[in-house]
Amino acid sequence: MAVEASGKLNVSDDEDGPVIFKRSNTASKKNQLNLEVPPSNGQNSGVQKGKVVQSVKASPTKSFVGISKASTSHVNTSNVKSPLANLKASSSGDKSRPPLEHKMLNAVKEEKDCIKHLSKDNFEDSEDEDNKPLSARLKMNSNHTSKATPVVQKTSEDSDDDDDLPLSARLSRNVGTSGSKYNDSDQKKHLSKVQKDGSSASIKQEKMSTVSVKRPLDKTNSLHSSAKKPKLSDPTSSMKSKQVSIKPEPKVDDDDDHIPISQRLAKSSASGNKSSSVKKVVKAVKVNKAGSASFKKQVKNLKKSGKNSEYSKSTKLLPSSGDGQKKWTTLVHNGVIFPPPYQPHGVKMLYKGKPVDLTPEQEEVATMFAVMRDTDYMQKDRFKDNFWSDWRKLLGRNHVIQNLKDCDFTPIYDWYQGEKEKKKQLSSEEKKVLKEEKAKQEEKYMWAIVDGVKEKVGNFRVEPPGLFRGRGEHPKMGKLKRRIHPSDITINIGKDAPIPECPIPGESWKEIRHDNTVTWLAFWNDPINPKMFKYVFLAASSSLKGQSDKEKYEKARMLKDYIGNIRAAYTKGFTSKDITRQQIAVATYLIDKLALRAGNEKDDDEADTVGCCTLKVENVTAEPPNKLKFNFLGKDSIRYENTVEVELPVYNAILKFQKEKGPGDDLFDQLDTSKLNAHLKELMPGLTAKVFRTFNASITLDDMLNKETKDGDVAEKIVVYQIANKQVAIICNHQRSVSKSHSAQMSRLTEKIDELQDALKELKTDLDRARKGKPPLKSADGKRKKNLTPDALEKKINQTNAKIEKMQRDMKTKEDLKTVALGTSKINYLDPRITVAWCKRHEVPIEKIFNKSLLAKFAWAMDVDPDFRF
DNA sequence: GCACGGACTTGCCCGAATGGTT
DNA sequence: AACCATTCGGGCAAGTCCGTGC
């Protein structure tokens, strides 16, 4: 954590005032984020423009419990940075606050573009609507909403807002309404199927885990959401208000750029802007309840501040907005650290039973192979073949070793195991020393100074050589990933910054660049696939990353305003006579409904996996009357297996796309991701396929949290969160392999339950006897038991029962989650503001949900208004 | 409009650290 | 304190999507 503060921080909460951060030495550790004191970066002497401020990503860790009333008091997390930095000056000793590059999400601009687009589009009705772009028909549909609900009528309960919900969420809302085909139990059934199938032992090997329902099926008509009026004409909709707020001037947001967050929050909500997010974060503004006069003064001051001011902002452009916009102004860092050179061990492997002499280079590669003995890769011929072919190049044609089959790496393997064991046996003192030594060596590489702010670097360690471990059936698995040298590495750094010293004497960097349109600090070509690059980026906790994260979620939120129309549009496309259009419609439907990935084309030298656009005929099986069974390997060769009920037109369209094709042919032969995304961009500015995943994940969380959270204790609320989290993970097909010890753990639990049940029986017998005034029987081990009263025995029985029930619940949860990975969605798909706001509303300490690194990563979200909804 | 280079996000796994239990 | 399960966080592979140039 990039916090340089020797004291602990305390979040203090004035009665109804702002939350401010105070230093407190007595603050109990419990509610404090453990703020580390990073060793000062001795490299700062070359700081450009002189100012260095610690980027404090750590969120205030005071739980929201104490500040949840703070619907009016917003903790500006970014504020946190500066006060902290101010508490103790950073290494430069300068307490001033640097400009933080807070580009604004130019959603507004984009929306403006979109409006332009929509209005210039041709919306006239024609005989054949299929000839119109979906975007055009979209508008039309929304103006004739009844047309867009061909399948099932919406019930009166369906509110306009339904469009904002994921299909799955809307399902439950429809439960019990007439015409609802699927009910809650269906949903549960689907979910439980996941669990059941997931228990198959082959999961790990085959990645065959079955995720039955990514998004529980809902009534088909919910897709249409036809009742929803186009937001464009809805005066109360946020979109409308956003549009209204769009001014022709390019600097739409300037007015409140410098307004403290709390003020702007109030402002934005007053203006009907749904977004409580802050476009620009002003650091170190102590939010106080000062009157508007002083507030205005503050704003004025901020506005006055020029380019060099600590409040000045850098570019506001979105990364996606094209022509090389600036990501930073000054950038200082120390380059990358290399793995240590190879230390030959001299242990001789055997060839045809005889020891073989190897050069250090040959031995190094042999060792890489030897130590992989216990992995699944050793069962794969491709791995061994690739290894052999690369190793043989090192050995040379005339080497005594002529084939891999006769190689015995056991001596090296044993040596390695011994080394591992030695390391394990080190005393904790010794381990600590080693760790500190390593940290000391790495310290200088851990930080970069971006526009005067000290930020953590993500992956400053150059990847060591090794054997390539591709996932799934990767054609290149086992190939030698050669060592990377300074001459492979391009460094990106500020023009005025000192060029990092090359850490390997006598060698030098490949190239030095000063490109401030990109965020990488260094890159090298991937030795396995030289067309690809390996980048060194800033850590997730950095402002740069935080900013784009926020933009991602803002874009997904924007989709909420468009989703109704988009669904109406693709529904129309299902029956289009234009095959491309029809395929686009069906693909968009699948991406929306099932949260599928886009599915880019892949090279032959990659594992054979697919996404939506690259689905093969064989990946989808039609099951009459209207079910589709999906079965394919997706990203990371994780199997996606799901049978879903779809709208009949979709079902028929799929049948049509499959007609006269072989199993390996493309289902969507007219489609690729660029066409699909180009189309999506017509519907909403910046819209791409992956936005649907973010949208669906976040809206599901938001909806489930808000529906399911009941009054109760914190533990119960956390369970609600975990259930929602799990639901999202299932939707996104985030899987994990079953832990090796899973079955052992389960049987241990079963054993314990059995023991408890035996004890229960005994207690019941004793109770019977006690009621009859008889003493208890001797226990199984022959010991005499205390003579308890019936009341005491009853109490014990109840306790035991409760214990058994809890253990059974735990077991079930464990089994349920054994193949579900919750982390991925938390890190990548769930808008943290949903979580933070929910925590504030329900007095759940945020630390119960976000760990230290998530708190740092989501620092930008911590000040969200408790009323925030996705 | 397409191929390709390039930049960035997403995703699973595994070893280390942490935390709970006996 | 030893043991075991869980969580954390790094590692790096594998995606998405953009821009460019032909």
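A note on names: the letters A, B, ... follow the listed sequences, proteins ahead of strands, and every chain is numbered from 1. This structure is a prediction, so every number in the text was calculated from the model and none was measured.
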Original post:
Can A:D831 and A:R833 be counted as an ion pair, charged N to O under 4.0 angstrom?
Top reply: yes
Subject >> Proximal nucleotide (of C:dA13, B:dT10, C:dG10) relative to the A:Y829 side chain >> reply: B:dT10
Original post:
Just to confirm, is there a sub-4.0 Å distance from OP1 or OP2 of C:dA5 to any side-chain nitrogen or oxygen of A:K814?
Top reply: no
Original post:
Touch check for A:N600, heavy atoms < 4.0 angstrom, all strands: base, sugar-phosphate only, or nothing?
Top reply: base
Subject >> A:Y829/A:H734 aromatic ring centres below 6.0 Å >> reply: yes
Subject >> Options B:dT9, C:dC18, C:dA14, nucleotide nearest the side-chain atoms of A:K545 >> reply: B:dT9
Subject >> C:dC17 phosphate, OP1 or OP2, under 4.0 Å from A:T688 side-chain N/O >> reply: yes
**OP:** Evaluate the side-chain proximity of A:R513 to A:F523: yes if any heavy-atom separation is below 4.5 Å, no if none is.
**Re:** yes
Original post:
Counting side-chain heavy atoms from C-beta on, which of C:dT16, C:dA14, C:dG9 comes nearest to A:F468?
Top reply: C:dA14
**OP:** For A:Q745, report the nucleic acid contact type (base, sugar-phosphate, nothing); a contact means any heavy atom under 4.0 Å.
**Re:** sugar-phosphate
Original post:
So, is A:T824 close to the B:dT10 phosphate, meaning a side-chain N or O under 4.0 Å from OP1 or OP2?
Top reply: no
**OP:** Look at A:N851 and C:dG9 and indicate whether a side-chain polar atom (N or O) is within less than 4.0 Å of OP1 or OP2.
**Re:** yes
Subject >> Earlier contact from the 5' end, DNA chain C, for A:N677 and A:N459 >> reply: A:N459
**OP:** Check every atom of B:dC12, C:dG15, C:dA13 against the side chain of A:E463 and return the nucleotide holding the closest atom.
**Re:** C:dA13
Subject >> B:dC13 OP1/OP2 closer than 4.0 Å to side-chain N/O of A:R471 >> reply: no
**OP:** For A:P464, report the nucleic acid contact type (base, sugar-phosphate, nothing); a contact means any heavy atom under 4.0 Å.
**Re:** sugar-phosphate
Subject >> Residue A:D636, side-chain heavy atoms: nucleotide from C:dA14, C:dA13, B:dA7 that is nearest >> reply: C:dA14
**OP:** Would you indicate what A:R597 reaches in the nucleic acid, counting non-hydrogen atoms under 4.0 angstrom: base, sugar-phosphate, or nothing?
**Re:** sugar-phosphate
Original post:
Base, sugar-phosphate, or nothing for A:A607, non-hydrogen atoms under 4.0 angstrom?
Top reply: nothing
**OP:** Give the nucleotide from the list C:dG15, B:dC13, B:dC12 with an atom nearest to the side chain of A:K602.
**Re:** C:dG15
Original post:
Taking the nucleotide of DNA chain C with the closest heavy atom to each, which residue, A:G458 or A:F850, is nearer the 5' end?
Top reply: A:F850
**OP:** Would you please test A:T673 and A:N600 for side chain to side chain donor-acceptor pair (under 3.5 Å) and show each step?
**Re:** CA-CA 6 Å; A:T673 53; A:N600 282 314; 2.4 Å; yes
Subject >> Which nucleotide in C:dG11, C:dT6, B:dT9 has an atom nearest any side-chain atom of A:K552 >> reply: B:dT9
Original post:
So what does A:S741 touch, heavy atoms closer than 4.0 Å: a base, only the sugar-phosphate, or nothing?
Top reply: nothing
**OP:** Check if the side chain of A:K690 and the base of C:dT16 share a donor-acceptor pair of N or O atoms closer than 3.5 Å.
**Re:** no
**OP:** Pick base, sugar-phosphate or nothing for A:K424, based on heavy-atom distances below 4.0 Å to the nucleic acid.
**Re:** nothing
Original post:
Do any side-chain nitrogens or oxygens of A:K681 fall under 4.0 Å of OP1 or OP2 in C:dC18?
Top reply: yes
Subject >> Closest-nucleotide 5' rank along DNA chain B - winner of A:K752 and A:R513 >> reply: A:R513
Original post:
Would you say the ring centroid of A:F468 lies under 6.0 angstrom from that of A:H474?
Top reply: yes
**OP:** Name the closest nucleotide to the A:K531 side chain, picking from C:dA13, B:dG11, B:dG5.
**Re:** B:dG5
Original post:
Of the nucleotides C:dC12, B:dG6, C:dG15, which one has an atom closest to the side chain of A:Y535?
Top reply: B:dG6
Original post:
Using a cut-off of 4.0 Å on non-hydrogen atoms, how would the nucleic acid contact of A:T519 be classed: base, sugar-phosphate, or nothing?
Top reply: sugar-phosphate
